[in-house]
Amino acid sequence: MNFFDWKIEMVESLKPYIDIENKRMAILTTEDDEIHMALEFDETNNLVMHPRWNINITILGDKHLKFTTNS
């Protein structure tokens, strides 16, 4: 999926909720019972990630990320 100019891949057990207007995204489990990460853009348009302990972030390239869980 694309989140503005970033390409983001994630496992099937994760589901994104995107707020286009505020440039934010929350990543939850498909059952909506646990938040794994929140992402947003700061005032200078840098991507800021707020991960929890149960998510892995892999950098696949320039502005290309992959998210997986520990479980």
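Residue numbers count from 1 along this sequence.
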Requested in this report: Not counting sequence neighbours, which residues clear side-chain contact (heavy atoms from CB on, under 4.5 Å) with Ile20? List them please.
Outcome: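 So Ile20 forms a side-chain contact (heavy atoms from CB on, under 4.5 Å) with Phe4, Ile18.
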Query raised in the report: Given a cutoff of under 4.5 Å between side-chain heavy atoms of I, L, V, M, F, W and Y, with clusters grown through shared members, what are the other residues clustered with Tyr17?
Result: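 Joined to Tyr17, directly or through intermediates: Leu28, Ile35.
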Query raised in the report: Taking ILVMFWY side chains as joined if any heavy atoms are under 4.5 angstrom apart, and letting links pass through other members, which residues group with Val48?
Result: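 Members besides Val48: none; it forms no cluster.
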Query raised in the report: Can you list every salt bridge (Lys or Arg N to Asp or Glu O under 4.0 Å) pair that touches residues 33-50, not counting sequence neighbours?
Result: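 Listed by first then second residue: Arg24-Glu40.
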Requested in this report: Mind jotting down which residue pairs meet the salt bridge (Lys or Arg N to Asp or Glu O under 4.0 Å) criterion with at least one end in residues 60-69? Sequence neighbours excluded, please.
Outcome: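 Residue pairs passing salt bridge (Lys or Arg N to Asp or Glu O under 4.0 Å), neighbours aside: Asp5-Lys63.
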Report task. Give the minimum heavy-atom separation between Thr69 and Leu14, together with the two atoms involved. Result ->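 The answer is CG2-CD2, 3.6 Å.
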Query - Closest non-hydrogen atom pair, Ile57 against Leu65 - result: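 Closest heavy-atom pair between Ile57 and Leu65: CG2-CD2, 4.4 Å.
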Report task. Would you please name every residue forming a side chain to side chain donor-acceptor pair (under 3.5 Å) with Thr58, sequence neighbours left out? Result ->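 So Thr58 forms no side chain to side chain donor-acceptor pair (under 3.5 Å) with any residue.
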Query - Partner residues of Lys23 under the salt bridge (Lys or Arg N to Asp or Glu O under 4.0 Å) criterion, sequence neighbours left out - result: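 With sequence neighbours excluded, Lys23 shows a salt bridge (Lys or Arg N to Asp or Glu O under 4.0 Å) to no residue whatsoever.
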**Report entry** Spacing of His36 atom NE2 and Asn56 atom CG [to the nearest 0.5 Å]
**Finding:**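 His36 NE2 to Asn56 CG: 10.5 Å, rounded to 0.5 Å.
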Report task. Kindly compute the distance separating CG (Asn54) from CG (Asn70), expressed to the nearest 0.5 Å. Result ->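 Answer for the CG-CG pair, Asn54 versus Asn70, is 6.5 Å.
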Requested in this report: For a side chain to side chain contact (heavy atoms under 4.5 Å, CB included) with Met25, tell me which candidate from Asp19, Leu47, Ile8 qualifies.
Outcome: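 One option only clears the test, and that one is Ile8.
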**Report entry** More than 12 heavy atoms of other groups within 6.0 Å of Lys15 NZ
**Finding:**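 Atom NZ in Lys15 is packed in, count exceeds 12.
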Query raised in the report: Do you reckon Met49 sits in the same ILVMFWY cluster as Trp6, going by side-chain contacts under 4.5 Å, direct or chained?
Result: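 Met49 and Trp6: one cluster.
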Query raised in the report: Are Ile27 and Leu60 joined in one hydrophobic group, where the rule is that I, L, V, M, F, W and Y side chains link up if heavy atoms are under 4.5 Å apart?
Result: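 No; tracing contacts between hydrophobic side chains, which count when under 4.5 Å, never links both residues.
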Report task. Please identify each residue that fulfils ring-ring contact (aromatic ring centres under 6.0 Å, His included) with Phe67, with sequence neighbours left out. Result ->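 For Phe67 there are no ring-ring contact (aromatic ring centres under 6.0 Å, His included) partners, ignoring immediate neighbours.
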Query raised in the report: Taking side chain as C-beta onward, heavy atoms only, is Glu12 less than 4.5 Å from Thr30?
Result: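 No, side chains not in contact.
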